[in-house]
> 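This is the structure I have questions about; it appears just below.
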Amino acid sequence: MGPKTKQTMKKILKNPTPAVEDVITKSKKRTRKVSQSKPQPAFTIGDIEDFQFREDEVKEIRASLLKWYDANRRDLPWRRINDSDDDDRDRKAYAVWVSEIMLQQTRVQTVVNYFNRWMEKWPTVHHLAQASIEEVNEMWAGLGYYRRARFLLEGAKTIVEEGGQFPKSLKDLLRVPGIGEYTAGAIASIAFKEAVPVVDGNVVRVIARLRTISANPKDKETVKTIWRLAGQLVDEDRPGDFNQGLMELGATLCKPLNPNCSTCPISAQCGALLVSKQNPSIVVTDYPTKVAKVKQRLDFSAISVVEILESEEGRMNSKFLLVKRPEEGLLAGLWEFPSVSLNGEEADVDARREAIDDFLKNSFGLNLDIVSREEVGEYVHIFTHIRLKMYIELLVLRSQELRRKEKADMSYKYVDMKTLGSMGLTTGVRKAYNMVQKFKQSRSSLLKTVSS
């Protein structure tokens with residue numbers, strides 16, 4: 001960046017109003033002129049690459065944020081472990097790792113109970129390494145994004161296989177399967193006091209507002225720049241507390257829609273707040289730029305809750321058929337009721353039943369000796385990019401042996417009602433099971449009313 005450009009940028013930063021009519025993109029193409037009523041970036045990505053926080057700003061931000069964090073930090077179980085007098089850094093690193101993986105795409109309030117149960121069952125990385133994927137999935141049930149749980153298990157096994165000592169630096173942590181830049185930064189800074197940054201969505205938002213960055217927060221160059229700026233701010237003496245403070249600030253005060261600027265400890269250094277005061281058409285929430293969400297794909301599936309009736313000592317018992325999903329793809333390796341994708345199209349009852357029948361016969365050679373078959377209802381389950389409409393039926397069959405076809409590469413098992421009720425099922429499977437139970441109860445009540 002030449003001398004004239006630097007001088008121009010200094011003027012912009014000193015008075016960062018949206019006076020620029022054209023924005024030069026990275027590809028050097030000019031965009032159309034933008035109305036003055038909309039916020040413009042105080043500087044472009046190209047300029048940001050050469051921009052540094054001033055030394056006095058860094059000192060003020062560090063001091064103010066840490067003071068605020070000490071007074072306002074939330075009392076969370078993983079923080080208690082790290083704040084303890086215990087010198088076992090491996091234990092603390094493990095607690096940070098588990099909590100950070102759980103917190104990805106999950107609310108803090110939800111994570112607390114899951115974290116406590118997890119640490120009670122597997123208090124160290126050595127305990128976790130001995131677990132099976134089925135046990136881990138059951139413990140994780142309800143948190144969603146089950147790939148995260150699989151990575152925790154794979155990472156634990158790798159650490160134990162390579163000596164059992166938790167990696168103590170960012171560089172070494174990144175070698176563990178399932179530990180990415182964010183998680184490695186959190187563990188290294190919080191557990192091992194390494195002065196490295198941690199950038200999540202909250203930190204992106206805080207820094208974008210500090211520096212009035214209107215660039216797309218999902219753009220690779222923007223993300224790279226935010227990481228570099230976050231690295232400048234990390235307090236060398238208390239890197240873990242500073243990183244947690246920055247994330248805490250974004251989660252509690254510097255929110256996406258309703259930021260509480262009046263109580264923000266670093267509002268004096270906030271460029272977005274300054275711009276909003278100078279230009280009434282601009283608000284703090286204009287930063288960072290809003291990115292359109294990916295449109296969810298609508299999909300459909302037929303779910304058959306298959307109940308097998310068995311006669312034991314003159315009594316009728318029942319068991320349910322569960323099928324294990326493939327080891328790759330959505331909800332990999334998890335147990336569910338037999339289901340068939342309807343290939344993105346709605347289907348009537350006859351078409352759904354035909355699809356289920358083909359699946360049961362072709363996969364298990366199951367003889368459909370039907371006692372009853374009833375439609376239970378519909379349920380829409382929301383994934384990140386998929387809106388799945390599930391048609392649920394209750395299919396009751398007479399007892400028989402399942403004969404899995406040689407070409408069918410899937411696992412299955414029978415479970416009784418007690419076992420099914422206590423299993424760690426996914427939200428969708430649990431919903432289907434609860435709908436069936438409610439359907440049975442309502443049907444039973446109706447029969448009693450009619451008979452009386």
> Is the shortest side-chain heavy-atom distance between T124 and H127 below 4.5 Å?
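Touching, per the 4.5 Å side-chain cut-off.
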> So, for A131 and K157, which heavy atoms are closest and what is the spacing to 0.1 Å?
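Closest approach of A131 to K157, heavy atoms only: O-NZ, 3.6 Å.
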> Go through the steps to decide whether D200 and L103 satisfy the test side-chain contact (heavy atoms from CB on, under 4.5 Å), and finish with yes or no.
CA-CA 11 Å; D200 66 354; L103 286 165; over 6 Å; no
> Which heavy-atom pair separates A186 from V198 by the least distance, and what is that distance?
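So the minimum-distance heavy-atom pair works out to N-CG2, 3.3 Å.
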> Which distance, rounded to the nearest 0.5 Å, do you find between the NZ of K92 and the OG of S84?
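That separation rounds to 4.0 Å.
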> Do E154 and R147 sit within salt-bridge range, that is, some charged N less than 4.0 Å from a carboxylate O?
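Looking at E154 and R147, the cut-off is not met.
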> Any salt bridge between D172 and R175, counting N to O under 4.0 Å?
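Here D172 pairs with R175 in a salt bridge, since their nearest N and O are under 4.0 Å apart.
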> Hey, could you give me each pair passing ring pair (Phe, Tyr, Trp, His ring centres under 6.0 Å) that has a residue in residues 89-119? Not counting sequence neighbours.
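Pairs touching residues 89-119 that pass the test: W78-F115, W97-F166, W118-W122, W118-W140.
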> As a quick check of understanding, evaluate side-chain contact (heavy atoms from CB on, under 4.5 Å) for E393 and E375, giving each step before the final call.
CA-CA 4 Å; E393 71 166 7; E375 296 297 306; 3.8 Å; yes
> Salt bridge or not for E248 and R74, using N-O below 4.0 Å?
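Counted as a salt bridge, because a side-chain N and a carboxylate O are separated by less than 4.0 Å.
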> Under 6.0 Å between ring centres: does that hold for F383 and H381?
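Ring-ring flag for F383/H381: true, centres closer than 6.0 Å.
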> With the side chain counted from C-beta on, respond yes when P259 and R209 share a heavy-atom pair under 4.5 Å apart, and no when they do not.
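Side-chain contact under 4.5 Å: yes.
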> Can you confirm whether the side chains of E100 and T183 place a donor and an acceptor under 3.5 Å from each other?
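Per modelled atom types, E100 and T183 side chains form no pair under 3.5 Å.
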> Taking Q105 for the side chain and Y145 for the main chain, is one N or O donor matched with an acceptor at less than 3.5 Å?
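Not at all, since once roles are kept as given, no pair shorter than 3.5 Å links the two residues.
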> Side-chain contact test, heavy atoms from C-beta onward, threshold under 4.5 Å: evaluate it for N72 versus T252 and give yes or no.
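Side chain of N72 against side chain of T252, heavy atoms only: no contact under 4.5 Å found.
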> Just wondering, do I303 and I392 contact through their side chains at under 4.5 Å, heavy atoms?
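Yes, side chains in contact.
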> Would you compute the distance between atom CZ of F300 and atom CZ of R387 and round it to the nearest 0.5 angstrom?
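The CZ atom of R387 is 10.0 Å from CZ of F300, to the nearest 0.5 Å.
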> When rounded to the nearest 0.5 angstrom, what distance separates CD in E345 from CG in D299?
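These two atoms lie 10.0 Å from each other.
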> Below 4.5 Å, heavy atoms only, C-beta onward: do K121 and M139 meet side chain to side chain?
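Side-chain contact under 4.5 Å: yes.
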> About how many Å separate CG of L210 and CG of L273, when rounded to the nearest 0.5 Å?
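These two atoms lie 10.5 Å from each other.
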> Check the pair L65 / D235 against side-chain contact (heavy atoms from CB on, under 4.5 Å), numbers first and verdict last.
CA-CA 10 Å; L65 185 67; D235 187 89; over 6 Å; no
> Looking at every non-hydrogen atom in both residues, tell me the closest pair between V291 and P217 and how far apart they are.
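Residues V291 and P217, closest heavy atoms: CG2-CD, 3.6 Å.
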> Compare every heavy atom of A156 with every heavy atom of A129, then report the nearest pair and how far apart it is.
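What the structure gives for the nearest pair is CB-O, 3.8 Å.
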> Report yes or no: does N243 contribute a side-chain atom to a donor-acceptor pair with the main-chain N or O of V196 at less than 3.5 Å?
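Yes; judged by distance alone, with no hydrogens or angles, the pair exists.
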> Could you tell me which non-hydrogen atom of L128 sits nearest to which non-hydrogen atom of L152, and how far apart they are?
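Closest approach of L128 to L152: CD2-O, 3.7 Å.
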> When you measure from the side chain of R89 to the backbone N and O of A191, does any donor-acceptor pair fall under 3.5 Å?
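The answer is yes, because a donor-acceptor pair under 3.5 Å joins these two groups.
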> Applying salt bridge (Lys or Arg N to Asp or Glu O under 4.0 Å) between E336 and each of R430, K431, K413, R325, report the one that passes.
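By the salt bridge (Lys or Arg N to Asp or Glu O under 4.0 Å) criterion, E336 pairs with just one of R430, K431, K413, R325: R325.
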> Are any of the side-chain heavy atoms of L395 and R353 separated by less than 4.5 Å?
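No, their side chains stay 4.5 Å or more apart.
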> How close do Y287 and I282 get, counting heavy atoms only, and between which atoms?
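Heavy atoms only, the tightest pair is CE1-CG2, 4.0 Å.
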> Salt bridge or not between K224 and D219? Use side-chain N to carboxylate O under 4.0 Å.
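Salt bridge: no.
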> List the steps, then state whether side-chain contact (heavy atoms from CB on, under 4.5 Å) holds for L249 with N202.
CA-CA 8 Å; L249 184 70; N202 289 316; over 6 Å; no
> Side-chain donor-acceptor pair under 3.5 Å between Q244 and R79, yes or no?
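The answer is yes; a qualifying pair exists.
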> Nearest 0.5 Å please: distance from the CZ atom of R148 over to the CE atom of M102.
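Those atoms lie 8.5 Å apart.
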> Would you call the rings of F320 and Y433 parallel, tilted or perpendicular, taking 30° and 60° as the class edges?
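Judged by the thresholds at 30° and 60°, the geometry between F320 and Y433 is perpendicular.
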> Does V96 reach the side chain of N82, with side-chain heavy atoms less than 4.5 Å apart?
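The answer is yes, as the side chains (C-beta and beyond) meet within the 4.5 Å cut-off.
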> Output the distance between atom CD (E181) and atom CH2 (W227), rounded to the nearest 0.5 Å.
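Those atoms lie 4.0 Å apart.
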> Does any part of the side chain of L322, heavy atoms only, come nearer than 4.5 Å to the side chain of L420, both counted from C-beta?
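Contact flag for L420/L322 side chains = yes.
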